[in-house]
Chemist: 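Please see the structure below; I have some questions.
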Amino acid sequence: MKETSAVAELGDDWCDVTADRAEDCDLDHLALAAELSTEVHPAHPFFGTALEVIAHRLSNDDVLCRHRATPSRYSILHLTWSRREEIGGCPTIDADGEWRDIVAYENAVDAALSESALSGAAPSGAAPSGAALSGAALSGEGRKPERGPTGQPRAEAPRRPS
């Protein structure tokens, strides 16, 4: 499966880092793999796992990775952009499985966000059925807060010069 067509299947909120630069993306794509490598610590489930970043979400700090040793396995991880080795469950693993699991997760996220927008309520937090998820799928748990523990704004991902 070619990533360009696969990433497009996830919708407009994803930028394919393997394709030509997207007009609406100013993120430094080389910095994504470097930050992922920095954040994954010895206690993280993916420590020592060869991951290839193939896309990132435009609206937040999620990256879509393919496992090099198991090319049919994909994972969505949420980076913190702390620029240091993380501790605990960070970076969070929002979805993990085969391509169909990633698509099911994205469809469930889209449906929950649409439902909450229509009702004015927060997403339910229910994990999409059939998707192999680890992490707090729709609840937002584990997502990067706007401010760090000291109350200072979180660092943002490096951007390409205009």
Side-chain angles (χ1 to χ4, degrees), residues 1-22 24-25 27 29-82 85-119 121-145 157:
M1 176 180 289
K2 187 178 177 191
E3 274 71 49
T4 302
S5 62
V7 171
E9 188 178 352
L10 298 178
D12 294 340
D13 196 28
W14 286 94
C15 178
D16 183 346
V17 302
T18 66
D20 291 334
R21 179 180 164 192
D24 56 348
C25 177
L27 188 67
H29 289 167
L30 295 176
L32 291 166
E35 183 64 17
L36 178 63
S37 177
T38 299
E39 288 188 26
V40 173
H41 53 88
H44 193 276
F46 290 156
F47 183 76
T49 302
L51 297 172
E52 175 187 9
V53 177
I54 60 171
H56 71 90
R57 195 184 301 269
L58 296 170
S59 63
N60 68 27
D61 296 327
D62 289 349
V63 291
L64 172 64
C65 301
R66 182 177 56 210
H67 293 247
R68 291 182 191 240
T70 313
S72 63
R73 183 178 177 191
Y74 296 86
S75 299
I76 297 175
L77 291 96
H78 186 77
L79 300 177
T80 65
W81 286 99
S82 62
E85 187 176 278
E86 284 296 340
I87 58 172
C90 292
T92 57
I93 303 168
D94 292 345
D96 183 44
E98 294 183 357
W99 185 250
R100 69 178 177 271
D101 301 319
I102 301 301
V103 172
Y105 171 82
E106 284 299 303
N107 289 339
V109 168
D110 289 345
L113 291 174
S114 294
E115 181 182 318
S116 81
L118 292 174
S119 69
S124 68
S129 61
L133 301 178
S134 33
L138 303 177
S139 68
E141 182 180 315
R143 297 293 182 163
K144 179 179 83 173

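Along the sequence shown, residues carry numbers from 1. Quick caveat: nothing in here was measured; it's all calculated off a predicted structure. Heavy atoms only: backbone and side chains are in, while hydrogens, waters and symmetry mates are out.
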Chemist: Is it the case that the side chain of S114 and the backbone of D110 share a donor-acceptor pair, with hydrogens and angles ignored and the cut-off at 3.5 Å?
Modeler: yes
Chemist: Determine the minimum heavy-atom distance between W14 and V63, stating which atoms define it.
Modeler: CZ3-C, 4.1 Å
Chemist: Any idea which heavy atoms bring R66 and P71 closest together, and the distance?
Modeler: CD-O, 3.3 Å
Chemist: Could you grab the distance from atom CG of D16 to atom CD1 of I54, nearest 0.5 Å is fine?
Modeler: 7.0 Å
Chemist: Between H44 (side chain only) and P91 (backbone N and O only), is there a donor and an acceptor less than 3.5 Å apart?
Modeler: yes
Chemist: Output the distance between atom OG1 (T18) and atom CD (E52), rounded to the nearest 0.5 Å.
Modeler: 7.5 Å
Chemist: Which residues pass the side-chain hydrogen bond (donor to acceptor under 3.5 Å, both in side chains) test with R100, sequence neighbours left out?
Modeler: E98
Chemist: Distance from E9 atom CD to I102 atom CD1, nearest 0.5 Å?
Modeler: 11.5 Å
Chemist: Of all heavy-atom pairs between S59 and D13, which one has the smallest distance, and what is that distance?
Modeler: OG-OD2, 2.6 Å
Chemist: So how far is it from C90 SG to L77 CG, rounded to the nearest 0.5 Å?
Modeler: 10.5 Å
Chemist: Shortest non-hydrogen contact from L32 to L79?
Modeler: O-CD1, 4.2 Å
Chemist: Who are the side-chain hydrogen bond (donor to acceptor under 3.5 Å, both in side chains) partners of H41, not counting sequence neighbours?
Modeler: none
Chemist: Taking the side chain as every heavy atom from C-beta outward, state whether V53 and E35 have any pair of such atoms under 4.5 Å apart.
Modeler: no
Chemist: Looking only at heavy atoms, which two atoms of V17 and A55 are closest? And how far apart?
Modeler: CG2-N, 3.9 Å
Chemist: Do the non-hydrogen side-chain atoms of L10 and W99 ever get within less than 4.5 Å of each other?
Modeler: yes
Chemist: Would you say F46 and L36 make side-chain contact, with heavy atoms under 4.5 Å?
Modeler: no
Chemist: Can a donor-acceptor pair be found, under 3.5 Å and without considering hydrogens, that links the side chain of S116 to the backbone of L113?
Modeler: yes
Chemist: State whether the side chain of E39 and the backbone N or O of T80 hold a donor-acceptor pair below 3.5 Å, judged by distance alone.
Modeler: yes
Chemist: Which heavy atom of H78 sits nearest to which heavy atom of D94, and what is that distance?
Modeler: CB-OD2, 3.8 Å
Chemist: Do L64 and H56 make a side-chain contact, defined as non-hydrogen atoms from C-beta onward lying under 4.5 Å apart?
Modeler: no
Chemist: To the closest 0.5 Å, what do you measure between CZ (R68) and OG1 (T49)?
Modeler: 12.0 Å
